[in-house]
2 protein chains.
Amino acid sequence: MKTVYERADIVPLLAEIFRELGYEGASLSRITERTGIGKGSLYHFFPGGKEEMAAAVLAEVDAWFEQTIYRPLRTEDPHQAIAAMWTDVNDYFRSGRRICLVGAFALDETRERFSTAIGGYFLRWVDALRSALMRAGCLQEEAQALAEESVAGIQGALVLSRALDDTKVFTRSLQVLAKRLDAVMR
Amino acid sequence: MKTVYERADIVPLLAEIFRELGYEGASLSRITERTGIGKGSLYHFFPGGKEEMAAAVLAEVDAWFEQTIYRPLRTEDPHQAIAAMWTDVNDYFRSGRRICLVGAFALDETRERFSTAIGGYFLRWVDALRSALMRAGCLQEEAQALAEESVAGIQGALVLSRALDDTKVFTRSLQVLAKRLDAVMR
DNA sequence: TTATCATTGTACTGATCGGTACAATCTTGG
DNA sequence: CCAAGATTGTACCGATCAGTACAATGATAA
């Protein structure tokens, strides 16, 4: 018996493991144990080993946000795009039960390994949100501050809701942040 | 030649290492390498091994916040205590160059190990801040929401400023959060 | 001084780490 | 069908992991 995978099927499984265990905590044996995928397959699709696996996960996360969140913020109706962002983010992070892999990597030495990917993810999120806010009537400085506050607020809500083990903290935080943006968009 | 330590001298060194490397990333060999303290000494003071070391670090962090931040928020003049909180937090986290160990532990599986310590740290922070806000004239619900938003905002600012590698993001975020509290305290 | 006890450096253990080698198995195109 | 290449399971590698054992060294008090 032999199960055959594609690289595209493996990346989401890896993502969940890195999310739960962190980069250092995700050992090859725990990856094979949780996914049922042997080392042979893993090193066939990711010859660069664990670092390439994590890089692939980061790239997929980035692509999802780029397509689902950033691009609409930059190009579509700002009110609609921002409203969609709040609901998409709440769904994506499963009301705080799921963490932001990029944010978690930013906190420990893993940051050094993936600094450009991590920096780009947050830089483009803030930029895209600022763009939407400016098109909705905000001045540049105010839009920049609000965008930073929103993105940071999401990350902080993930930390706090997980620490308190309370998904309501996350959902409520998102509502507060959303209302703040609504208040300045005219 | 033999250097003699006390447990109280070791804990801050361990704290810095866990902060930079995370719980899984902080191996015994890297601890001895960075601190110059041998395994003999470490297991003499912390017979429970790495887990006891991390628990001691968490306890010291908690004690520092309890004494420096939480207690003043609960018992002293709320305006002064809140103002002191912002400056103390900015100093403690070195304008975002230093991370919150408790917040970082909350994000990966390390949370399971120390869930009560992690939950207590954030619960008491939010409670203390809410207490100060209520004494300053806030209604309970508003005070609770603002306290959660402030604590989460600090954690998020740490993530974002580290991801963007920009201490100004952290300091500016703290100023924005501080002004929001000032605005509702009358 | 000497006896006692706390503290430390070093050598060691078995387990697990990330990674490699490679033959066996599957899929696919001719 | 068969050949070629893609994919996988398993055994293995040296390095490092957390933790233990213990003798040597330091401080302390009688």
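Computed from heavy atoms alone, side chains included, the values below leave out hydrogens, waters and symmetry copies. Numbered from 1 within each chain, the chains take letters A, B, ... in sequence-line order.
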Point to revise | Worked verdict on B/Ile154 versus B/Trp125 for side chain to side chain contact (heavy atoms under 4.5 Å, CB included) | key: CA-CA 12 Å; B/Ile154 292 167; B/Trp125 194 346; 3.6 Å; yes

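- One interatomic measurement links the two molecules: NE2 of B/His44 to P of D/dA23, which rounds to 17 Å at whole-angstrom precision.
- No side-chain donor from either of A/Gln140 and A/Gln144 sits under 3.5 Å from a side-chain acceptor of the other.
- The interatomic distance linking B/Tyr5 (OH) with D/dG26 (P) rounds to 15 Å, in whole Å.
- Whole-Å rounding puts the A/Glu33 CD to C/dA15 C1' distance at 14 Å.
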Exercise for review: Take A/Glu16 and A/Arg34 through the test salt bridge (charged side-chain N to carboxylate O under 4.0 Å, His left out) and record every step on the way to the result.
Suggested key: CA-CA 10 Å; A/Glu16 253 11 80; A/Arg34 292 206 183 195; over 6 Å; no

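- The pair B/Arg98-B/Glu20 does not meet the salt-bridge criterion, since no charged nitrogen lies less than 4.0 angstrom from a carboxylate oxygen.
- Across the protein-nucleic acid pair, A/Leu42 atom CG and C/dC17 atom C1' stand 15 Å apart, rounded to whole Å.
- Going from atom CZ of B/Arg7 over to atom P of C/dT7 covers 12 Å, rounded to whole Å.
- For the ring-ring contact (aromatic ring centres under 6.0 Å, His included) with A/Tyr121, the qualifying choice from A/Phe65, A/Trp64, A/Phe105 is A/Phe65, the only one to do so.
- In this structure, CZ of A/Phe46 is placed 12 Å from P of D/dT7, rounded to the nearest angstrom.
- The distance between atom CD1 of B/Ile37 and atom C1' of C/dG9, rounded to the nearest whole Å, is 13 Å.
- Atom CZ in B/Phe45 sits about 18 Å away from atom P in C/dC5, given to the nearest Å.
- B/Ser173 is not listed as a side-chain neighbour of B/Leu160, based on a closest heavy-atom distance of 4.5 Å or more.
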All N/O contacts under 3.5 Å from nucleotides 18-21 of chain D to the protein, with atom names and distances to one decimal?
from, atom 1, to, atom 2, distance (Å)
D/dA18, OP1, B/Lys50, NZ, 3.1
D/dA18, OP2, B/Leu28, N, 2.5
D/dA18, N7, B/Lys39, NZ, 3.4
D/dG19, OP2, B/Tyr43, OH, 2.9
D/dG19, OP2, B/Lys50, N, 3.2
D/dG19, O5', B/Tyr43, OH, 3.3
D/dG19, N7, B/Lys39, NZ, 3.0
D/dG19, O6, B/Lys39, NZ, 2.3

